[in-house]
Every structure is written in C-alpha cells, then in structure tokens.
Engineer: 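Below you'll find the structure I mean.
Lettering follows sequence order; numbering is per chain, from 1.
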Amino acid sequence: MTASEAPAAAGDAAVKTVLGEERFAAVQQAKLLVVGAGGIGCELLKNLVLTGFRDIEVVDLDTIDVSNLNRQFLFRRAHVDRPKSVVAAEAVKQFRPDAKILSHHGNVKDSQFGLEFVSKFDVVVNALDNLEARRHVNRLCLAAERPLLEAGSTGHLGQVTVIRKGETECFECQAKPSQKVYPFCTIRSTPEKPVHCLTWAKNLFDLCFGPEDESNLLADLAAEMRQFQSQEAVDGEDVGKRIFKNLFEDDIKKQARLEDLWSEARPAPAPLGFEEALTKAERTADAEDKLETQKVPSVAQDAQGFVASVAKMYSERRELIGQSSFSKDDPVSMDFVHCAANLRMQNYRIARLSRWDAQSIAGSIIPAVASTNAIVAGLEVVQLLHVLQSKGKTMRDGRARTVWVRYPEPSRKKILQPSSLQAPNPDCFVCGSRTARVAVKSLVDCKIAAFAKGCIQGQLGAVRPALYANGSCIFDPEYPEPGPDAEEEGLHPEWSLTEWGLGSGSLLQVEDEGQGWSINLVLREEPDLDEQHFPNGFKVEAGAGAGEEAAKDMAEKKRKADAEAAEVNAAKKATLDANTVAVD
Amino acid sequence: MSAITGDQVAVYDRQLRLWGVQAQQRLLNAKVLVWGLEGSNVEACKNLVLAGVALTLRDHRTVTAADVGFNYFLRPEDMGKFRSECASPRVQEMNPLGSVACSCNKPDRENLQDLVKGFDVVIVGLGVLGYDFQLAADVDAACRCQNAGFMLTVAAGELAFFFSDLQEHVMQERSTQGGTEAGTEHKPETFSFPSFSSWLSELPQTASGKTDATFKLIALFASFRNSHKAAPSEAKSFAAHCKEVQCEPKVDGLDSLEQAFSHFFVEPLVHVASVLGGLLTQEVIKAITRKDPPLVNSVCFNAHTGAALVEQIPAAPPAPKKRKVEEEVADLLDD
Ligand SMILES: [Zn+2]
C-alpha cells in the first residue's frame, strides 16, 4: 500500500468498524444513480463516497452559477459556467481516488437516460429541486422496479423518503399543487398583480431576442417587434425607445379605449411616454437596512434601464439575438424583464417591485442554505443503508422511514422526525389504478397536439406521450407538427378531439415509452369550465393533477384517520407549497 | 456595521432570501472558534464558512491516515502535519469572501478564558479535549465569563450528539413560515440555558431517568470517565460500570454497550456528521443572528431510527404557579 492509499484504507476501516462486515460489503457493491449535483447533490456525493460507495453515476443538466457557491461546496469561482455533474464528480474523486464516478451532463428526461439506463443501477438517489424531474424519475423507477430515495429542501425545511413499487407511496400518490398558469387575457390586457406583469415581460424578452415560438403569449406582436429590430445598422437604444413607445404608450392607449374592460374598481391603464417617464425621478422611501437591489427604483430609472438593456443586447450580444431566452441569472435579461414589468405595473397602477423581488418571482427562487442540504443528504444515506439491508423484506417492514426536517422548533421533542412509510394509494394514476378523468371545455376547439402538450405533458407529467383511441394511434410524439410525414402515418396533429371521433365518455390510452408509464383517460366535455382556474381549457379530475380541492380532501381524510400522520402532512404541504411557487 | 458588498450579495443571494440582510450582517461580523477538527465539527466548518462566518480552527493534533480518510479538508500529503494548519486554507478556499485563521497550540488549562476570548461561539469536540468531560465544563465556564456561546460535540459511529450553552439567550425575532420567507415577527423572548457543569451534575438522573437511551449512553460515558481511561481497550470495564450503576440502556441499532463504547474512538460515519453538523450549524446561526428559538440544550441523532431528539438536561424547574389577582389583592388588603 502506498502512502496515498493509506487514508482510503483507514477511512474504510473506520466505516467497517461501525457498519460491520456485511453492511460494509453491501455498500461497496452497490451501484448507484445520483440524479442532481446541486445543493443536495454535492452533499450527497461527499457522503456517499466517504461512506465507502464506489460505483456511482451522476446526471445533472445545470452549469454552475455564482449564486450556487453559498452551499454547493464542491464548486469554486473558477468553475462558474462548467457542468455541475462533471465538476462535482472530479471533486469527490479526490476524496477517494479509487471510487468509480461517472458524470453525465444532460437532462434526466432525455431518452438516453430511459428505462434501460435506470435498470443498470441497484438504487436511484434523487437530489433534485424541481417537481417535473422528480415526477419523471419516480415513474422511471416504478417501471424499472428500482428503489428510489426521494428528497427535497426549501429554506430550513426538508424531507426524505423511500419509494418502491407496490410497497410504498410513490412520489405522485398524493396530489401536488401544480404550476400556476394565468389566463391569457390577464397577462395580455388586465394584469392585477406583479406576477402577471413579470410573466408578460419574460414572454416579451423571449419574443424580442429568442427563436420564433408560436406558444409565446405575445406571439401576435412578433411582426411589430421584428419591424423595430430589423432595420439595417440598428442602434440598440433607438430600438429600445421604439419598443418602449409601442408597448407602454401606444398599446396602452388602445387598451384604455376598450371601455368594456374598465370600471371604477378597475380603472383603465395610463399610457407612459419615454420623456414623461424621465421626469418621474422620485423614489419611495425604503427602510435603511435594505440593500440597493432591494429598493424600488424610480420610474425614470426603470425607463432608462429598459432602454439600456435593449441597447446592451445590440452592443454586446448581437450574435445571440434570435437565440436568447430569459434567465434569472443573466443580468441583462433580468434587467430587461424587471424594468419592462415595472413599466407595465406603472401603466396598470400596480405597486412596482425592487429588482430583488422581481428576480425572486420571475425566477421562482427558492431560498437555500448549506446546513439544510447537509441534513437532507445525510438522511438520504441513512435511508439508503436501510434499503440495502431490506433484502427479502418489504420496504414498510424494514427500518426505512420518511423523515421530516423540522425548523425552528422540534415536534414532540424531535427536530428530525421519522414517520412510517405509507402504503401505495390505490387510486394513484401513476402507480395505482392508472385512470383519470379529464374535463375539456370544448372538444371541437381542442387540437390533439395541444391536448398532448398542455394536458398530458403539462399536467399529467408525461415527457413523450403517445395517444391511442379505439386501438389506433391518434398522436405520436415523433410527429408533433402537421405535414406530409405525419400524414403518411395517418396522423393529423392539427385535428381536434372531435375530428378524431372523441366525445364525452370516450376512452383514451396514453403511453409514455420513455417513462414506462401508461394511463387511461375518460373524456368529458364541460363548456362551463372556469377559465380563470383552467386557462388551458381542461381539468384533470383524478390523481395528482386533480388540483387543490382533491389535495385538501385527501389531507382532510388522512388527518381524521391518524393524528400523527396529519401533523406530518401539514409539514409536507408547507414544504411542497414553498417548493412550487412557480410562475409559468 | 459595514454594508454588504455586491460581490457578497451575488454569492449569499439564496441565504439572504432566507434570513434577510440584518441576520447576514451579524453573521459577517461574527467570529466562531472550532476547536477540534473531528466528527460533526468538520461539517460545521463547511456550513459556517459558506454562510460567511469568520472561523478560527484550533487543533494541536497531527494528521493521521484515518483523519484524511474522514476529513475531506485533509489530503494524503498532510500526514504528520498539524490538522488545523492543513485544513484552514482549504476551508477558506470554499469561500474567498470569508476568513479562516488557525492555531496549533496545545490548550493551556489555566488560561481557557484567553483562549475563548473574542469569539461569539466556541464549538469544541470531545476528542480534542482527550474525552475529558471536566475540561469541557471548564471551557464552558470560561465561555460564560467571556460571554461566548458554547457547544460540545460527541460522536459514536451512527450516533452524534451536541450540547449547547447560550446562557441567557435573547431571541429578537422569529422568521415566519418555518423560515421559508424573509418575513419576520418581532417578539423578543429569553431562553435560559443550564451550564455544562450542571449537565454533569445531573448524570445519575440522566442515566436512570426517562431520557432516550442515546442521552443515557453519553451520560454513562461521562460518569465512566470520572474513574477510567478513555481508550477502546476499556470497553469491558465500561459495560461493567453500566451494570454497576444499574443502567444498561438498549440503544436502537447497537448490539452491546461494548460495541457502543468502541464507537466513541473512531470518526463517525460522514453522513451522520453531515446531519448533526447541519443541526449544529443552525444553532450557531440562531445564536449569532438572535433569530428563531434555539434548541435547549442537548440534541442527539441516531442514524438507526433517523430521529434527532432534543432534551433539556437538567430539566427546567417547574414554573412557579401564578397566583390569582384576587388572592394578591386579598393579601394587600390584609396588610
Ligand atoms: Zn403512486
């Protein structure tokens, strides 16, 4: 043994003293997939490698940002913009040079990480921060029959649990609040809250500087914007001022003339000219201990900031125009969105925001700190060791638990509170009955491609769904657009549900081969579907997408059934709510 | 207080959104002594330097192969050198905006006050104190004189423990919604912490009372140390000691008291240190920011159950019964 091998051997020996031969052998033999190399992922990889795990693959889509450095301790300034998975794997390999750690820089939803890939591993350990990816990995693990360790953190709160097909609740057995979608007209004509204006501004940024996208909420303004942008030798500042005049002055004048929309309770918006904006230089008084970025700028600053951000796109990033998209971490796009949203708030008499708050809402930022991630990642390894010891037993008969991270006070003297794993929900549309009812506002108006994207992907969490009715395929994810290729296959993505012969009571089968998941849908037409709550024109009525009513219902039932389970549920809901303060 | 710079805002963004500017400023002005690079203390170093707290790492011991195998701030080429000297630049590297100092001196028992002077919180590992519980009580007493918070960490394999003494701690505000929002309520409240010497004087009651088996195990270790050496070879006499005082706790996940005893002398499992180090960090942050109610005063995590328990030892005396106003008025009239 060389001097450089001695530490690993001594470290392993200490672990073996504590775990015993048998458990340590299981650790050394296990083949793990870690999904996510961010806040929880960095802590997890450190814990795994130093506990003696030797065979790990890690997948992460992200690159490193400065705002990660307060907790993702494997990363340094010099690593900014490099892939998280690669840098994290390199860093923990230094702790145990003999460990085999393979990194993948990619999206876990990509087909290369499908069933076949997941089946290679003994256990999958999640270290993810978004619900969509967690739903996807949940389905992959159910289909591949691999145990999944699931964890989440929000601020000081967190939780860890274990999922195994047929033995425990899956990630989707209990309804999760789905992402909020705002009605089109609220965004376009009648914003009432800052979030409506920020959603509008993000769409505006993508419209002006991103690729063409029909689903952009402002797509009909594309021609106008292109006109401002397309002149020879464009001067960015000039473009900015033209867009300003068009959106915050002329368009608002037109809006104000639509008298039906306005009343005393909802006064018409006030147009704002650029020169006029510059005269509004006063700022509201803010508390002294606030950071500059936490103070609300003057209208003049917003106007100048807006034009300056457009100018910057032309002077510094001309080659990226047409391929950019909004990112909360990109200062130019964030400036654009903050200023544009604030100017629109000024139009609509909504209290404007500081850049700090605008970034929180537009970027759906979840507060995060190293200590919580360290706790959560440690608890995942605790449960992982129990899972490796569960051979021959079902998960619920073993030692594995759901554990809640309490803060700031313990609950019944427990600051980390375990609770028994729950049995699967037989009605779960992912691991149970696999049936859901979908109410559609108008079967005639709903195109099959839009239905697949908005309902099956957006709400039911599929990634590449194929739809079948009466035994034949009516939508294939290979052919999402109409055209001769689709037609040759007998597919018409542009046909409505009625054109496909579907009516109230029709049965549809959905299959997502990538996820190894399928579901039966029963359609129902409901012309009175409330547009405010279901702006896409459909409503899922069973399982996780059933909305808040069902979630409350289920929580209520549980509360009655078991006092302790209820207490735990409340914490779960708080964590989840905080986890999903998403904007679009 | 100096203003937070733009660079700091960029790096500390996600935690500023958790605890706010004022709490961050307090953290940036705070000094914490981590005495003993062992067990959960290693994790606390990481969490605290990332949070922006200035650290001093103190340890007079030199690096062994086992240290490098456990402590990811140490490398094979460090063996034989001082632990704190080798670790400090690498702890610093995680946060170039922070500050990390180190000391390799052996502690002077007579001069503990000088050693803890100027620190807001002192975190001590039992190992660096040579498993000397009485020395720990002396350090706590010095911290009390110097107005520093005191935290003692002990680890044993899949168990990890800390004791904290924040004396008369005034919490000035409380974050709303479990700390997921920067919003705060201003409701000052005082928490009285027992000293570590009163923790030690409570040992027989802790070992025989209703507390969880994990606390009993630590208490038994402490009472055993009054008359015995701290060495793995003493495992049999430890078991005998427990039998003698008629307290043989059955700790979830441990086969025997001998086995439990031997675990005090190896580094804990890293993920166990990770969990306890996280909880410990939260308490240090509460102590510094004076935000949110602290845990009083003993916390033990058992990886077998996944639970971390909080216990006040010794228990607070029962609150004096409030007399009814009428009785008081009657008393006054009698006068
Ligand atoms: Zn399920």
Engineer: Between the main-chain N or O of H386(A) and the side-chain N or O of R399(A), is there a donor-acceptor pair closer than 3.5 Å?
Structural biologist: no
Engineer: Top residue by heavy-atom pair count (under 4.5 Å) with chain A, among A308(B), G278(B), G69(B)?
Structural biologist: A308(B)
Engineer: Name the option with the most non-hydrogen atom pairs under 4.5 Å to chain A; the candidates are L50(B), V68(B), D13(B).
Structural biologist: L50(B)
Engineer: If only atom types and distance count, is the side chain of R83(B) paired as donor or acceptor with the main-chain N or O of L37(B) below 3.5 Å?
Structural biologist: yes
Engineer: Less than 4.5 Å to any heavy atom of chain A: does that hold for the side chain of D7(B), its backbone, both, or neither?
Structural biologist: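 Interface part for D7(B): both.
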Engineer: With a 4.5 Å heavy-atom cut-off, do R61(B) and D67(B) have their side chains touching?
Structural biologist: no
Engineer: Quick one: what part of V310(B) sits under 4.5 Å from any heavy atom of chain A, side chain, backbone, both or neither?
Structural biologist: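 The answer is both parts of V310(B).
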Engineer: Counting heavy-atom pairs under 4.5 Å with chain B, which one of I415(A), V403(A), N373(A), V66(A) comes out on top?
Structural biologist: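 The residue among I415(A), V403(A), N373(A), V66(A) with the greatest pair count is I415(A).
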Engineer: If I measure from the heavy atoms of chain A, does V11(B) come under 4.5 Å with its side chain, its backbone, both, or neither?
Structural biologist: both
Engineer: Which one wins on heavy-atom pair count under 4.5 Å against chain B: P410(A), A374(A), G11(A)?
Structural biologist: A374(A)
Engineer: Under 3.5 Å, is there a donor-acceptor pair between the side chain of T211(B) and the main chain of T206(B)?
Structural biologist: yes
Engineer: Which of the residues V266(B), L254(B), V21(B) is involved in the greatest number of heavy-atom pairs with chain A at under 4.5 angstrom?
Structural biologist: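 Winner by heavy-atom pair count: V21(B).
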Engineer: Given that the side chain runs from C-beta out, which part of R71(A) has a heavy atom under 4.5 Å from chain B: side chain, backbone, both or neither?
Structural biologist: both
Engineer: With chain B as the partner, which of S67(A), A8(A), G39(A) has the greatest number of non-hydrogen pairs under 4.5 Å?
Structural biologist: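 The option with the most such pairs is S67(A).
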Engineer: Does the K216(B) side chain pair with the main chain of G209(B), one donor and one acceptor, at a distance under 3.5 Å?
Structural biologist: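 Indeed, once roles are kept as given, a pair shorter than 3.5 Å links the two residues.
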Engineer: Select one option (side chain, backbone, both, neither) describing which atoms of L295(B) are under 4.5 Å from chain A's heavy atoms.
Structural biologist: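 For L295(B), side-chain heavy atoms alone lie under 4.5 Å from chain A.
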Engineer: Is F70(B) in contact with chain A via its backbone, its side chain, both, or neither, using a 4.5 Å heavy-atom distance?
Structural biologist: backbone
Engineer: With a 4.5 Å cut-off on side-chain heavy atoms, are V369(A) and Q282(B) touching?
Structural biologist: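 Side chain of Q282(B) against side chain of V369(A), heavy atoms only: no contact under 4.5 Å found.
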Engineer: Given that the side chain runs from C-beta out, which part of E43(B) has a heavy atom under 4.5 Å from chain A: side chain, backbone, both or neither?
Structural biologist: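 Contact with chain A involves the side chain of E43(B) alone.
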Engineer: Taking every heavy-atom pair that is under 4.5 Å apart, which of L385(A), V160(A), V405(A), L19(A) has the most such pairs with chain B?
Structural biologist: L19(A)
Engineer: Yes or no on salt bridge (charged side-chain N to carboxylate O under 4.0 Å, His left out) for K93(A) and E90(A), after CA distance, side-chain angles and deciding distance?
Structural biologist: CA-CA 5 Å; K93(A) 245 188 106 62; E90(A) 280 170 11; over 6 Å; no
Engineer: So, the side chain of E38(B) versus the backbone of G127(B): is there a donor-acceptor pair under 3.5 Å, distance only?
Structural biologist: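 Yes, because the side chain of E38(B) sits within donor-acceptor range (under 3.5 Å) of the backbone of G127(B).
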Engineer: In the structure I gave you, are the side-chain heavy atoms of Q359(A) and H338(A) within less than 4.5 Å of one another anywhere?
Structural biologist: no
Engineer: At a heavy-atom separation under 4.5 Å, does L279(B) approach chain A through its side chain, its backbone, both, or neither?
Structural biologist: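 Contact with chain A is through both the backbone and side chain of L279(B).
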Engineer: Would you confirm whether S390(A), through its side chain, and V387(A), through its main-chain N or O, come within 3.5 Å as a donor-acceptor pair?
Structural biologist: yes
Engineer: Please state whether the side chain, the backbone, both or neither of E292(A) comes within less than 4.5 Å of a heavy atom of chain B.
Structural biologist: neither
Engineer: Look at the side chain of K46(B) and the backbone N and O of F73(A), then say whether any donor-acceptor pair between them is shorter than 3.5 Å.
Structural biologist: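 Not a single qualifying donor-acceptor pair exists.
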Engineer: Between S262(B), P76(B), A65(B), P268(B), which shows the greatest number of heavy-atom pairs under 4.5 Å with chain A?
Structural biologist: A65(B)
Engineer: Can any side-chain N or O of Q15(B) pair as donor or acceptor with the backbone N or O of A51(B) at less than 3.5 Å?
Structural biologist: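 Yes; judged by distance alone, with no hydrogens or angles, the pair exists.
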Engineer: Between N95(B) and chain A, which part of the residue has a heavy atom less than 4.5 Å away: side chain, backbone, both or neither?
Structural biologist: neither
Engineer: Counting heavy-atom pairs under 4.5 Å with chain A, which one of A10(B), A66(B), A156(B) comes out on top?
Structural biologist: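 Most heavy-atom pairs under 4.5 Å with chain A: A10(B).
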Engineer: Tell me whether K46(A) contacts the main-chain N or O of Y72(B) through its side chain, where contact means a donor paired with an acceptor under 3.5 Å.
Structural biologist: no
Engineer: Identify which part of D329(A) has an atom lying under 4.5 Å from any heavy atom of chain B, answering side chain, backbone, both or neither.
Structural biologist: side chain
Engineer: Side chain, backbone, both or neither: which part of E93(B) has a non-hydrogen atom closer than 4.5 Å to chain A?
Structural biologist: both
